[in-house]
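Taking it in order: structure first as structure tokens, then the write-up.
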Amino acid sequence: MGNTLNKKRGFSMPHVYIVILILMLIITALTYIVPAGSYVRDASGTVDPNSFSFVEQTPVGFLQFFTALHQGFVESASIIGAVLLISGCIQIINKTGAFSAGIQSLIRISGRGGLVMVIIFFTLFTALGVIGYLDALYPFYPIIISLFITLGYDKMVGTAIILLSTAVGFTCGMVNPYTTGVAQTLVGLPMYSGIAFRAVGLAVFFVIALFFLLRYCIKIKKDPKNSIMGENYLQEQTAPMEFEAGLKFTKGRIVIILAFLATIVFSVVGSLLWMWGLPEITACYFPVTILGIILSRIDLTEACTEFGKGMAGVIAPTMVIGFSRAVSVLLTEGNITDTIIHGVSGLLEGKSPVITLLIIYAFVTLFNFFVSSGSGKAVVMMPILQPLGQVLGINQQVMVLAYQYGDGFTNTFWPTASLLQLSLCGMDYGHWFKFAWKIYACLITAGFILVVVANQIGYGPF
């Protein structure tokens, strides 16, 4: 951060670890204030909406507070392992010069057309968000950030391309298995039914987010003083990955890039058709890495060193994954999540459909601050929302839509959900909030308007 910016702001966001610690302390305090309660769940985890009962208070103790940190890492092991291993593979591929030569070739073809590149990558990441392909993208964040720094933008542009686009794609829920798929299944709707209206939502959200992003890109290119990162961002920021200049895009490097892109496509297809998880997706990157070593004739010892270097570069962000999970662990151990949901469900009784939808939408949006797992919230909330919709004459498709939109946007805005992604981008939350709050306010408002429209037109089936 530049001296100019420091003088202007007079405040810097605490380190991400401190923010998470504060959130953990808040949750711990709530376990002493909010009564413990629980719903009865079946073998699949589905809640019986009429089974809530208060249970013995289980406040988080001193030792329990710290063991939650370890438990957070244990529960996040799959994601942490995937980020470390894929990052190691990417570092080896970067060592072949394929990324550097390919990006330089792309820049030459586009004539340094930065806005065109912004639109292309924003659209690509939106498409990946539509299918819920998010966690496996974490290792690619440094590449995107580095690319747009190379194009002369500040770090915020690359960060916004990643976070805004995936938020737009994920929220629209067209073929999102983690929220739309789970929620529709729980209430008995055909999976991915009502996709046409969700496509309209995608178009609306895409236009809003891209408009704000392109306007920001134009402003900082016109005058660096408009950059949230400070007017000297070109001199002060460093790219997380350095692209070596002057490399030729040889046949070997072309083959490596094509194999790398094919790997991404194959992993996406696998996640959609064969229900692959992170272990299978991670495994896909080793063959192309081995191919890169062979074609570039990299010494095996050097390759191993680069692999370790790639993993070392994401150690700090992977720590955020485990620490963030500790917040969820404390909520579970304190038994207050179900109590909060039960209290809100009581407020919905006797309200008009529009007011009910507003309360549901606002509650899911705010509750996402504490529990960011879309599928996890769906399993708990949809069995409660389903009978409420039946009583109030709100069809189940609209209830799912309200849940989907309420859950989606703030996955990349609330600090509890976004700190991981921001740390991978090398961005602090203070700058991100300053840049993004107006955009998310517009997106959340547009989402609620679409929910009301859906209710008015009888969006179905049933």
Side-chain angles (χ1 to χ4, degrees), residues 80-112 117 120-121 124-125 128 133 135-152 158 161-162 238-271 276 278-318 424-426:
I80 292 173
V83 172
L84 288 172
L85 293 173
I86 295 176
S87 297
C89 290
I90 288 176
Q91 179 61 33
I92 293 176
I93 296 172
N94 186 48
K95 182 65 177 178
T96 69
F99 288 148
S100 298
I103 286 173
Q104 289 165 33
S105 178
L106 193 61
I107 292 173
R108 284 194 298 271
I109 293 172
S110 66
R112 296 194 69 86
M117 299 287 281
I120 290 173
F121 279 92
L124 174 61
F125 273 73
L128 293 170
Y133 193 84
D135 292 352
L137 292 175
Y138 290 164
F140 298 95
Y141 287 12
I143 299 176
I144 302 302
I145 299 298
S146 301
L147 168 61
F148 285 93
I149 286 177
T150 302
L151 288 171
I161 287 172
I162 296 167
T238 56
M241 292 184 69
E242 294 186 9
F243 300 128
E244 190 176 344
L247 293 179
K248 294 182 179 180
F249 205 22
T250 62
K251 290 182 180 179
R253 288 176 177 143
I254 292 174
V255 170
I256 293 171
I257 287 294
L258 291 176
F260 182 74
L261 294 176
T263 298
I264 296 174
V265 173
F266 187 54
S267 65
V268 171
V269 172
S271 66
W276 280 0
L278 287 176
E280 292 82 6
I281 291 173
T282 302
C284 289
Y285 289 91
F286 285 98
V288 66
T289 303
I290 295 171
L291 176 65
I293 292 171
I294 294 172
L295 292 179
S296 300
R297 299 179 181 178
I298 299 176
D299 178 74
L300 291 180
T301 300
E302 184 181 8
C304 291
T305 301
E306 290 297 321
F307 188 76
K309 180 180 177 182
M311 290 194 293
V314 294
I315 285 294
T318 55
L424 289 168
C425 295

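Positions are given from 1 along the sequence.
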Would you say that F307 contacts T289 through its side chain, given a criterion of any heavy-atom pair below 4.5 Å between the two side chains?
no
Does a side-chain heavy-atom distance below 4.5 Å link I90 with I86?
yes
Spatial distance of atom [atom1] ([X]) from atom [atom2] ([Y]) [nearest 0.5 Å]:
X: L300; Y: T305; atom1: CG; atom2: OG1; answer: 10.5 Å
X: Y141; Y: S87; atom1: OH; atom2: OG; answer: 11.5 Å
X: L291; Y: T263; atom1: CG; atom2: OG1; answer: 9.0 Å
X: C304; Y: I92; atom1: SG; atom2: CD1; answer: 7.0 Å

To check you understand the geometry: which heavy-atom pair defines the closest contact between [X] and [Y], and what is its length?
X: Y285; Y: S267; answer: OH-OG, 4.1 Å
X: G158; Y: I145; answer: C-CD1, 3.5 Å
X: G252; Y: L295; answer: O-CD1, 3.9 Å
X: R253; Y: K248; answer: NH1-O, 2.8 Å

I'd like to check the ring pair (Phe, Tyr, Trp, His ring centres under 6.0 Å) partners of F260; sequence neighbours left out, ordered by chain and number.
F99, F140
Identify, with sequence neighbours excluded, every residue that meets side chain to side chain contact (heavy atoms under 4.5 Å, CB included) alongside [X].
X: I80; answer: F73, S76, L84, T318, I321
X: T96; answer: I93, A98, I256, S296, I298
X: F266; answer: W274, W276, C284
X: I254; answer: F249, L258

Criterion side chain to side chain contact (heavy atoms under 4.5 Å, CB included) on F121 and I162, from CA distance to verdict:
CA-CA 8 Å; F121 279 92; I162 296 167; over 6 Å; no
With sequence neighbours excluded, residues passing salt bridge (Lys or Arg N to Asp or Glu O under 4.0 Å) with E302:
K95
